[in-house]
Structures are given as structure tokens and as C-alpha cells.
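Below: the structure, in C-alpha cells.
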Amino acid sequence: MSAVETRLTRLQERLKIFEVPHDGKPLSILRNPDLEPMPPHRRIWGFWSFFGYWAVPSITIWTWSTGSAMLSLGLNIQQTMGSLIIGNVIFCIYTCLNSTPGSKFHIGFTVCQRMVFGIYGSGIGIVTRIVLSIVFYGSQSWLGGVAIVVILSSWSENFMNMKNTFPDSLAMTTRDFVGFLVFQIIQYFFFFMKPEKMNSWVNGSCIIALIAMMAIFGNCLHRNGGPGPIWQEKVELSSWNTGWMWLYSITIWTSALSPDVTNQSDFSRFASSKKKMYFGIIVSVMTMGTFVPFMGLVSASTTSQLYGDEYWLPTDICLRWMTDNYSAGPRAAAFFCGLAFASSQLCFNVLANGFAGGMDLAGVLPRYINIVRGSIITATLSWCVQPWNFYNSSSVFINVMSSFGVIMTPIIGIIVTDFHLVRKARIPISELYTTDKDGSFYFTKGFNWRAICCFLAGVAPGIPGLIAVVNPDIEIKTNIIDFYYNSTVFSFICPAALYYIVCLIFPVKNAGALDKTDMFNAFTLEELLEEGSENSNQDLEKIISKVEISSV
């Protein structure tokens with residue numbers, strides 16, 4: 001053994017103390033326990049779990065305030081709600097289609113990316129999703145901090161009126177920073193839970209947050225005696241521009257949640273039943289995703305008449321209660337609302353951004369990063385994005401949200417096409433965990449050039465529009481900006497169709513193949529019989545036991 005090999009061996013031995021806990025299970029550059037197919041005993045999510053998972057993004061401060069971004073486009077409340085409903089329908093379709101790899105083969109987004117982009121090319125989707133997890137984690141943490149401010153203000157009037165020691169150039173106050181810091185610290189404790197065990201916390205937070213929102217909505221509507229002046233506003237845009245602003249509104253709404261749709265397999269792998277999962281997703285998105293923005297829009301309209309200013313954040317309304325009357329009643333109401341909003345922000349952020357970032361980081365360094373460590377890294381890095389700048393104007397809010405879809409929607413389209421059309425919903429799972437050059441997902445030196453080229457082709461048309469929106473001083477003299485306005489549809493269909501055509505011309509290897517054995521013992525007898533797999537890893541006693549359980 002050479003001196004270099006000896007040093008490398010010693011280094012590997014020293015690094016073993018940093019390896020993730022694995023209970024004797026294999027560790028490699030592609031595998032750790034968090035990346036393996038989800039075993040049956042951890043697949044515990046039914047209708048209510050998926051209802052809560054997709055309800056909690058809606059029952060948050062962020063969704064309540066979404067209407068402000070859309071009204072700034074020149075639409076009125078009625079048209080904004082129309083675009084939201086259409087966006088929710090599209091959202092349900094994309095989410096359900098992208099749920100199948102996880103619900104059928106119990107693999108997460110990180111592993112799915114190997115199926116699409118190749119063993120090494122998977123880094124494209126994984127790194128992109130990690131970056132967005134960090135950005136979104138920071139932005140949602142800031143809103144959670146605002147809820148903490150309401151709680152602490154209900155305890156102390158001095159805190160509510162705290163003197164700002166930060167410079168005016170910084171888009172936050174000392175008081176808001178304290179709330180942000182407290183919220184960030186609290187979230188760290190939840191990373192030590194199993195992701196699937198968060199379902200009870202999520203459902204509980206949805207209930208109390210919805211009650212709080214309905215209370216604020218009812219109070220504002222009652223005190224104002226009606227929906228307010230914004231409800232009566234007319235649209236001054238031309239019919240042509242109104243149509244494009246409808247499409248842009250749909251893009252803003254769906255793009256903001258496109259990262260969660262993209263990595264849907266991370267959570268659909270917890271499904272106990274596909275039917276319950278689909279039903280939970282559709283009912284949740286169509287009800288909560290419509291009702292909550294409506295309450296936010298109407299409440300802002302009432303506050304413009306009640307207070308002479310539009311309050312787009314429910315927490316601002318709570319603070320106004322205490323500013324006007326710092327007595328026991330308003331303080332108690334503000335405390336409950338602040339606690340409810342903080343809980344929904346926490347559950348949404350930890351589950352959809354913290355855990356999601358942790359799962360993706362686990363795919364980068366499986367030996368040394370698992371979900372817990374990856375989630376902590378995601379939370380820590382979120383400070384770097386300075387999320388307090390996201391909400392200092394509606395234009396910034398729009399740009400941040402709509403930019404997500406330009407990048408993530410093409411990935412969704414390619415995943416759906418690859419799994420459902422190219423591979424006919426059949427994949428050899430074991431080959432997702434090997435660097436064997438003859439493997440089905442090694443493609444060309446570990447990269448699937450088909451998917452990579454189609455992804456770039458899907459992203460490129462949206463970039464000019466994104467640049468023009470972010471920097472209004474840049475004039476785009478072509479209609480390419482229209483692609484950006486409707487990237488929800490264009491960025492899905494174009495790369496999806498292109499990828500299918502390319503795969504017809506240059507077929508992928510072993511499309512539609514299945515493993516002959518269940519190497520991970522991750523499938524029930526019913527699943528194995530359905531796919532026709534030979535399960536040589538399970539003995540007769542286990543099979544009989546499963547038959548008896550299923551018959552009961």
C-alpha cells in the first residue's frame with residue numbers, strides 16, 4: 001500500500017466518528033437509512049395527514065397576505081379569487097401526478113432525481129431544491145417571528161413599543177428581530193422528530209390557526225359593517241392585459257408552492273393509501289387554498305375603511321387591537337391569534353422546508369448527513385438570505401414567489417413524464433443505489449443528457465421575463481415575457497412534451513423494468529403480488545403472517 005493510500009485509509013477511519021447513525025445498515029455515497037425506501041411500519045399518513053400537510057401552507061400568515069401581491073397587478077378581489085381557484089386546480093393535478101413515485105415505490109425526491117437526471121446528474125435537481133429550501137425557510141421563519149412579536153407584545157406593552165436601535169436602511173426593527181430570533185431557536189427542537197410524526201402537530205396547528213383567522217375575519221367584517229371599499233374596486237386594465245394578469249396571478253400562486261410540489265415524493269412515501277392521499281390533497285387545496293386568501297383579501301378591504309390603511313398581515317391587525325386598547329380583552333385575543341399563527345408557521349416551515357432541505361442534503365453526503373443534520377444546516381443557512389427584505393414591498397414579494405416556478409416547474413414536468421409515460425410507472429429501485437456503469441440510471445457517465453437538455457430548454461424562456469420583472473429598467477422588446485407570466489403551464493408542458501419526444505428518439509435503458517426481489521423489504525405482500533415481483537428475501541412464515549393480517 002502506497003503512502004497516499006495509507007493516509008486516505010487513516011482519514012477514512014477518523015471520519016467514521018462523523019458518520020450518521022445507521023444501526024448496521026449500509027452506508028455509501030448513495031445510501032443511508034433516510035434514503036432507503038420507506039418500510040411499511042412508517043407509512044402511517046392517511047386522509048387527515050395529507051389534508052393537514054397541504055392545509056398548513058394555506059393556513060399561514062403567508063397565504064393570508066398573498067392577495068396583496070395579486071391586487072398590485074391591477075386585478076380586483078373577485079378576479080384574484082378566480083385566478084386562485086384555477087391555480088388550485090392546476091396545483092392539484094401537478095401534485096397528484098408527482099405523488100406516485102413516492103406512494104408506489106416509497107422513495108423520496110432525492111432518489112427520484114437519480115431516476116430522472118442520472119446517478120450524478122441528480123445533483124442538478126437536489127442542489128436547486130436545497131437552495132430554495134433555505135430561501136423559503138428563511139422567509140417563513142420571518143413571518144413566524146412576526147407571530148412571536150404578537151405573543152410577546154400581549155405580555156408587555158414596553159416590548160410592543162420597543163425603541164428601534166437598528167438603522168432605517170435595515171428593513172426590520174429591533175422588536176421584529178427579537179421575534180425572529182426566538183422563533184428560529186424554537187424550530188430547532190422539532191428537527192429531532194421523525195418527519196411522519198409531525199402529522200398530529202400539523203393537524204392541531206391547522207385547527208387553532210383556522211379558528212384565529214376566522215375570528216379576525218369575522219371581527220373585521222362585523223365592525224366595518226361590510227367588505228369595505230377594495231371589494232367594490234373596478235379593474236382599469238384592458239381586456240388583453242387583464243387576461244395576462246390572470247395568468248400571472250396563477251403563476252404567482254402556484255410558483256410559490258412549486259418547490260413543495262416538486263419534492264412531493266418525500267412525503268407521499270409516508271402514504272398508507274393512495275386513494276386517501278389523493279383525496280386529502282384535493283380536498284385540502286381546494287378548500288383551504290381558496291378560503292384563507294379570501295379572508296385575507298376581505299379583511300384588508302375592511303381595515304382600509306376601519307383604520308385608514310390596508311393591513312395585509314393578520315398579525316398587524318392583532319397589534320392594532322392592542323395599540324388602540326391595551327386592555328385584557330384585546331391582549332388575550334392577540335395572544336391566542338399570535339400563538340395560533342406561530343404554530344402553523346412552525347409546522348409548515350419545519351416540515352415543508354426544514355425537513356425537505358434535510359432530506360435533500362442527505363442525498364449530497366449520505367455518509368455524514370441525515371435528515372436531522374441536514375435540517376439543522378438548512379435552518380442555519382437561512383439567515384444568509386436576509387428574509388426581512390422579502391416583505392418590504394409587494395413587488396419584492398411577487399418576484400420572490402414567481403421566480404420559484406420558472407426553475408421548479410420544468411423539473412415537475414420531466415419527473416411526471418419520465419415516471420408515467422417513459423417508464424410506465426415501473427422502475428428497478430435497487431439500481432437507484434449503485435454507481436455500476438451498466439445500471440439503468442447511470443445513463444452517460446452518470447448523467448441523463450435527455451433530461452438535462454429538456455430542463456434547460458424549459459427554464460431558458462422564462463429567464464428574460466424574470467430579469468425584466470426583477471429589474472424594470474430593462475426593456476424586453478419581444479413577447480417572451482408572456483412565457484414567464486404563464487410559466488405554470490408553459491414550463492410544465494413544454495419540457496414534459498420535449499422530454500417524451502427525445503426519449504422516443506433516444507430510448508432510456510430498461511424502461512418499464514422492475515426488480516425481481518425486494519432487496520429493501522419495503523413492500524407488502526399485496527404490493528409485490530400486484531407488480532409480479534419475486535420476493536426471495538421474505539420467507540414463507542412472513543408471507544403467511546402478512547396474508548393473515550390482510551385477511552383480518
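Note that the structure is predicted; figures quoted are calculated from it, not measured.
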When you measure from the side chain of [X] to the backbone N and O of [Y], does any donor-acceptor pair fall under 3.5 Å?
{"X": "T303", "Y": "S299", "value": "yes"}
{"X": "S375", "Y": "G354", "value": "yes"}
{"X": "T409", "Y": "V406", "value": "no"}
{"X": "D418", "Y": "V116", "value": "no"}
{"X": "K274", "Y": "T100", "value": "no"}
{"X": "T302", "Y": "N224", "value": "no"}
{"X": "T95", "Y": "V261", "value": "no"}

> For Q113, which of D360, T128, V127, I411 qualifies under side-chain contact (heavy atoms from CB on, under 4.5 Å)?
Replying inline: I411
Between [X] and [Y], a side-chain donor and acceptor under 3.5 Å:
{"X": "T262", "Y": "N98", "result": "no"}
{"X": "S99", "Y": "Q264", "result": "yes"}
{"X": "R320", "Y": "Y311", "result": "yes"}
{"X": "S344", "Y": "S205", "result": "no"}

> So F348 and F136, would you call those rings parallel, tilted or perpendicular, with 30° and 60° as cut-offs?
Replying inline: perpendicular
Drop me the distance from [X]'s [atom1] to [Y]'s [atom2], to the nearest 0.5 angstrom.
{"X": "C503", "Y": "N448", "atom1": "SG", "atom2": "CG", "answer": "6.5 Å"}
{"X": "M213", "Y": "C206", "atom1": "CE", "atom2": "SG", "answer": "9.5 Å"}
{"X": "L361", "Y": "T378", "atom1": "CG", "atom2": "OG1", "answer": "4.5 Å"}
{"X": "Y485", "Y": "I252", "atom1": "OH", "atom2": "CD1", "answer": "9.5 Å"}
{"X": "L181", "Y": "S141", "atom1": "CG", "atom2": "OG", "answer": "11.0 Å"}

>> What verdict does the side chain to side chain donor-acceptor pair (under 3.5 Å) test give for Q184 and S382, after you've listed the backbone C-alpha separation in whole Å, the side-chain angles of each residue and the deciding distance to 0.1 Å?
In response: CA-CA 10 Å; Q184 281 277 35; S382 69; 3.2 Å; yes
>> Determine whether S265 and I107 satisfy the following criterion, side-chain contact (heavy atoms from CB on, under 4.5 Å), listing intermediate values before the conclusion.
In response: CA-CA 7 Å; S265 288; I107 54 177; 5.8 Å; no
>> I'd like to know whether F294 forms a side-chain contact (heavy atoms from CB on, under 4.5 Å) with F217, so could you lay out the CA-CA distance, the side-chain angles of the two residues, the decisive distance to 0.1 Å, and finally the verdict.
In response: CA-CA 10 Å; F294 173 77; F217 170 70; 4.1 Å; yes
[X] and [Y]: which non-hydrogen atoms are nearest, and at how many Å?
{"X": "M115", "Y": "R423", "value": "O-NH2, 3.4 Å"}
{"X": "P259", "Y": "A256", "value": "CD-O, 3.7 Å"}
{"X": "S65", "Y": "L313", "value": "CB-CD2, 3.7 Å"}
{"X": "M288", "Y": "S58", "value": "O-CB, 3.6 Å"}
{"X": "T315", "Y": "A147", "value": "CG2-CA, 4.0 Å"}

>> I'd like to know if D266 and R129 make a salt bridge, using a cut-off of under 4.0 Å between side-chain N and carboxylate O.
In response: no
>> Assess the residue pair F105 and V111 against the criterion (side-chain contact (heavy atoms from CB on, under 4.5 Å)); give the C-alpha distance rounded to whole Å, side-chain angles, the decisive distance to 0.1 Å, and a yes or no.
In response: CA-CA 11 Å; F105 291 100; V111 179; over 6 Å; no
Any side-chain heavy atom of [X] within less than 4.5 Å of one from [Y]?
{"X": "S238", "Y": "N241", "result": "yes"}
{"X": "T63", "Y": "I59", "result": "no"}
{"X": "L84", "Y": "S249", "result": "no"}
{"X": "T173", "Y": "F177", "result": "no"}

>> The test is ring pair (Phe, Tyr, Trp, His ring centres under 6.0 Å); show your working for W449 and F506 and say whether it passes.
In response: CA-CA 10 Å; W449 59 267; F506 304 97; 5.2 Å; yes
> For the rings on W383 and F180, is their centre-to-centre separation under 6.0 Å?
Replying inline: yes
>> Taking the ring of F190 and the ring of W201, is the distance between their centroids below 6.0 Å?
In response: yes
>> Run the side chain to side chain donor-acceptor pair (under 3.5 Å) test on Q140 and N353 for me, step by step, so that the C-alpha distance in whole Å, both residues' side-chain angles and the decisive distance to 0.1 Å come before the verdict.
In response: CA-CA 9 Å; Q140 296 301 319; N353 299 312; 5.8 Å; no
>> Under the criterion side-chain contact (heavy atoms from CB on, under 4.5 Å), I'd like the reasoning laid out for F183 against Q345: C-alpha separation, chi angles, the key distance, then a yes or no.
In response: CA-CA 10 Å; F183 189 76; Q345 288 294 141; 3.9 Å; yes
>> Just to verify, what does L456 make a side-chain contact (heavy atoms from CB on, under 4.5 Å) with, not counting sequence neighbours?
In response: I452
> Which ring pair (Phe, Tyr, Trp, His ring centres under 6.0 Å) pairs, counting each pair once, include a residue from residues 72-95, with sequence neighbours left out?
Replying inline: W54-F91, Y94-F492
>> Before you tell me yes or no, could you show the steps for N88 and W253 under side chain to side chain donor-acceptor pair (under 3.5 Å), namely the whole-Å CA-CA distance, both residues' side-chain angles and the distance that decides it to 0.1 Å?
In response: CA-CA 8 Å; N88 283 335; W253 175 239; 2.6 Å; yes
>> Tell me whether the count of non-hydrogen atoms from other residues, nucleotides or ligands lying under 6.0 Å of CZ in F336 goes above 12.
In response: yes
> Considering residues at least two apart in sequence or located in another chain, which fulfil the ring-ring contact (aromatic ring centres under 6.0 Å, His included) criterion with W45?
Replying inline: F50, Y53, F270
